[in-house]
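Heads up: the structure comes next, in structure tokens.
Because the structure is a prediction, the values reported are computed rather than measured. Reckoned from all heavy atoms, side chains included, excluding hydrogens, waters and symmetry mates. Every chain is numbered from 1 and lettered A, B, ... according to where its sequence line falls, protein lines coming before strand lines.
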Amino acid sequence: MPVPFNLAVELDSVLKSAAAAAGLDAAGFAPEVRVADPKHGDFQANGVLSYAKSRKENPRAVAEKLVAALPETVRAQCDVAIAGPGFINFTLKPAALLAWLRTFSNREALTTGAGAAHAGQTWVIDYSSPNTAKQMHVGHLRSAVIGEAICRLLAFTGARVIRDNHLGDWGTQFGKLIYGFKRWADPAALAADPIAELERLYKLGNNATPDGSPELDEARRELVALQNGDPENVALWQKFSEVSLAAFQQIYDRLGIRFDHNLGESFYNDKVERVYRELTDTGLAVESEGALVVFHPEHPRFKSQPFLVRKGDGASNYATTDLATALYRTEHFNADGIVVVTDFRQSDHFEQLILTVKKWFAAKNYRLPEFHHVTFGAVTGEDGKALKTRSGDVIKLKDLLDEAEERAFAIVTEKNPELPENERRDIARAVGIGAVQYADLSQNRSSNYVFSWDKMLALDGNTAPYLLYAVARIHSIFRKAGVNPADTSADAQAAALETAAEIALARKLVKFPDAIRLATESLRPHFLCLYLFELAGDYSSFNNADKVLVDDPAIRARRLLLCARTLLVLETGLTLLGLRTLTRM
RNA sequence: GCGGUGGUAGCUCAGCCGGAUAGAGCAACGGUUUUCUAAACCGUCGGUCGCGGGUUCGAGUCCCGCCCACCGCGCCA
């Protein structure tokens with residue numbers, strides 16, 4: 001019998017069969033297998049409690065019947081015990097742990113095992129999505145980091161992932177920018193740092209066009225000219241987009257991000273008429289105070305708080321383009337799932353959007369993809385307020401990443417002064433950027449998080465340096481042994497796991513699939529972070545308790561096997577989070 | 001006013017459909033290295049899970065009320 005990837009899922013289905021064999025009402029029985037507290041076992045089934053309760057039976061008696069009906073193959077692999085009011089605990093035997101570790105021996109095997117979850121599905125992920133002609137700042141960090149991790153998790157679990165950067169590249173601000181550009185553009189500054197110059201020109205344009213002024217009318221005429229296809233303004237707008245994307249890509253390169261599409265708001269310009277028409281035809285949208293709006297009468301708030309899909313002046317807004325975008329992703333990409341990653345302040349908007357899409361698609365008989373708004377809290381300084389520079393300015397993302405690398409470089413230089421500078425620079429890039437990414441990902445994304453250089457760069461605790469250090473130490477052992485960690489040819493010599501630290505590590509390793517499942521189902525990468533942190537802790541304990549490179553070939557082989565799999569899982573997991581791992585630090 | 005998110009150890013946070021004696025890290029205190037990276041490991045101390053009710057075999061988790069913080073709520077995105 002092949003070794004299953006996710007043992008919890010396997011036990012769940014085994015218990016369902018056992019329920020039928022034991023004469024239980026199998027259709028009404030959910031085993032509820034989950035990862036157990038290690039002191040009780042590896043996995044625990046709690047389902048008999050609610051089953052027995054609803055049928056007024058004795059839960060322990062039900063559990064005993066169920067356990068008696070378990071196939072011999074399960075008993076061969078696990079110790080099974082009934083505990084407390086009727087929990088069923090499964091503790092894997094060392095031989096079963098070893099069998100799993102031998103089976104899932106490389107990235108391909110893990111990918112194949114995990115790939116069943118979203119096999120054959122297409123998911124469109126909308127993240128980062130900055131405004132063109134503006135620099136990315138600290139507020140753009142979380143969407144990019146969380147979005148990329150979600151992309152990688154979905155791809156790992158079998159989905160075809162389409163990364164779409166939904167740029168803010170349209171709207172009234174371009175009239176003011178063109179107005180400023182035509183008057184004050186500095187060619188030298190434009191060549192040196194185009195985005196900074198565009199930002200300066202926008203500010204000049206904005207300041208020069210106060211409400212009610214003839215200058216504002218002029219800026220509006222520039223916008224109308226752009227929208228009507230005036231060649232000069234269109235060329236300028238295209239230039240703004242090009243230099244913006246080039247600048248964004250410099251940030252994305254450092255974060256390991258590469259988009260498949262940059263379909264910004266402008267792309268949907270010619271697609272909004274259909275939205276108006278279909279929402280009106282289906283009766284979903286109505287005129288209100290001169291605008292076209294959608295109410296949701298069944299909703300406590302949106303029955304009176306409108307979703308405004310066309311402004312009173314006839315222009316579209318972001319609700320319109322977001323509706324057009326949802327349709328395009330469904331029809332053109334054939335999406336099974338759509339994920340939009342933005343901060344929590346847009347929750348109302350996306351709740352209204354999703355409600356509207358559901359009704360609209362149902363009325364038109366369009367296939368409805370899963371639609372998730374992945375929200376995240378604010379990044380704050382240690383005072384709990386929005387993160388700013390000392391002078392109170394917005395922190396540019398480029399400066400933040402630079403500082404991360406500089407701080408990491410100082411630490412590497414202090415710890416390992418003998419390494420050549422270019423290697424210390426390379427380590428500092430991986431550790432510094434990784435620290436920023438990991439700090440963002442390791443916390444439940446719903447809450448705000450406090451940005452602290454000292455905490456994210458610490459070598460203790462749930463941090464990127466701690467995990468990267470564990471990886472580097474394992475590589476160090478293989479260097480000393482003169483063995484390639486990917487080489488599995490000596491695995492057969494591995495004796496059964498024996499010491500407490502070996503077994504604890506192996507028991508943690510086999511739970512990787514559950515961490516992937518949790519993180520992916522909930523679109524919350526922190527579940528994977530927590531798992532990797534615990535795994536690194538178990539590895540460090542093992543590393544401290546048991547010497548790997550001992551003379552006894554059987555012991556050496558099994559410990560090298562454990563090291564190799566720990567390395568595999570840590571590197572796979574960190575890669576899924578978007579981090580780059582190191583062989584030395 | 002309506003709604004969203006949060007409130008768990010001194011600090012920063014986990015706690016997956018309700019499950020066993022609520023867990024980590026930091027800080028504090030005490031240990032461990034002739035050793036594969038001590039950037040490590042082990043231990044001790046630390047809790048009225050915001051407050052009050054309720055549901056039940058069982059509540060940090062679900063329901064009701066209240067308090068506090070942040071955020072959103074008609075033509076910005």
Problem - Sequence-distant partners of Asp42(A), salt bridge (Lys or Arg N to Asp or Glu O under 4.0 Å), two or more places apart - result: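 Salt bridge (Lys or Arg N to Asp or Glu O under 4.0 Å) check on Asp42(A) returns Arg507(A), Lys511(A).
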Exercise for the section: Could you tell me which residues satisfy salt bridge (Lys or Arg N to Asp or Glu O under 4.0 Å) with Lys39(A), sequence neighbours excluded, listed by chain and number? Expected result: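 Partners of Lys39(A) by the salt bridge (Lys or Arg N to Asp or Glu O under 4.0 Å) criterion, ordered by chain and then number, come out as Asp37(A).
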Under 3.5 Å, sequence neighbours excluded: what are the donor-acceptor pairs made by side chains of residues 524-534 of chain A?
from	atom 1	to	atom 2	distance (Å)
Arg524(A)	NH1	Asn444(A)	OD1	2.6
Arg524(A)	NH1	Ser446(A)	OG	2.8
Arg524(A)	NH2	Ser446(A)	OG	3.3
Tyr531(A)	OH	Lys508(A)	O	2.7
Tyr531(A)	OH	Leu509(A)	O	3.4
Tyr531(A)	OH	Phe512(A)	N	3.4
Glu534(A)	OE1	Lys508(A)	NZ	2.8

Where along [range] does a heavy atom fall under 4.0 Å from RNA chain B?
range: residues 306-321 of chain A; value: Pro306(A), Leu308(A), Lys311(A), Gly312(A), Asn317(A), Tyr318(A)
range: residues 541-552 of chain A; value: Ser541(A), Asn543(A), Asn544(A), Asp546(A), Lys547(A), Val548(A), Leu549(A)
range: residues 426-436 of chain A; value: none
range: residues 464-471 of chain A; value: Tyr466(A), Tyr469(A)

Practice task
Would you list the pairs meeting salt bridge (charged side-chain N to carboxylate O under 4.0 Å, His left out) in which at least one residue belongs to residues 429-445 of chain A, sequence neighbours left out?
Solution key: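 Of all non-adjacent pairs touching residues 429-445 of chain A, those that pass salt bridge (charged side-chain N to carboxylate O under 4.0 Å, His left out) are Arg142(A)-Asp440(A), Asp426(A)-Arg429(A).
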Problem - Counter-base of rA59(B), judged by Watson-Crick or G-U geometry with both distances under 3.5 Å - result: none
Exercise for the section: Write down the partner of rA38(B) under the Watson-Crick or G-U wobble criteria, each distance required to be under 3.5 Å. Expected result: none
Under 6.0 Å between ring centres, would you say that holds for [X] and [Y]?
X: Phe29(A); Y: Tyr51(A); result: yes
X: Phe174(A); Y: Tyr202(A); result: no
X: Tyr127(A); Y: His166(A); result: no

Exercise for the section: Please check if any side-chain donor atom of His373(A) sits under 3.5 Å from a side-chain acceptor atom of Ser347(A), or the reverse. Expected result: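 No pair is found: no donor N or O on one side chain lies under 3.5 Å from an acceptor on the other.
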Practice task
Scan side-chain atoms only and decide if Asp126(A) and Ser129(A) contain a donor-acceptor pair under the 3.5 Å cut-off.
Solution key: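 Short answer, yes.
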Problem - Sidechain-backbone polar pair: Asn131(A) side chain, Lys134(A) backbone, donor-acceptor under 3.5 Å - result: no
Contact class for [X] vs. all strands (heavy atom < 4.0 Å): base, sugar-phosphate, or nothing?
X: Ile474(A); value: nothing
X: Ser452(A); value: nothing
X: Asn89(A); value: base
X: His349(A); value: nothing

Taking only distance into account, with no hydrogens and no angle test, what donor-acceptor pairs under 3.5 Å do side-chain atoms of residues 290-297 of chain A form with protein atoms, sequence neighbours excluded?
from	atom 1	to	atom 2	distance (Å)
His296(A)	ND1	Lys359(A)	NZ	2.8
His296(A)	NE2	Thr356(A)	OG1	3.0

Handout entry: Residues forming a ring pair (Phe, Tyr, Trp, His ring centres under 6.0 Å) with Tyr539(A), sequence neighbours excluded
Key =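 Residues passing ring pair (Phe, Tyr, Trp, His ring centres under 6.0 Å) with Tyr539(A): Phe542(A).
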Restricting both atoms to N or O, compile the protein contacts to nucleotides 25-28 of chain B shorter than 3.5 Å, with distance only.
none

Completion exercise
5' to 3', nucleotides 1-9 of chain B under a 4.0 Å protein heavy-atom cut-off (B base, S sugar-phosphate only, - none) gives -BS-S----
Handout entry: Anti versus syn assignment for rC51(B), with syn defined as within 90° of 0
Key =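 Anti, which is what one calls it when the glycosidic angle falls more than 90° from 0.
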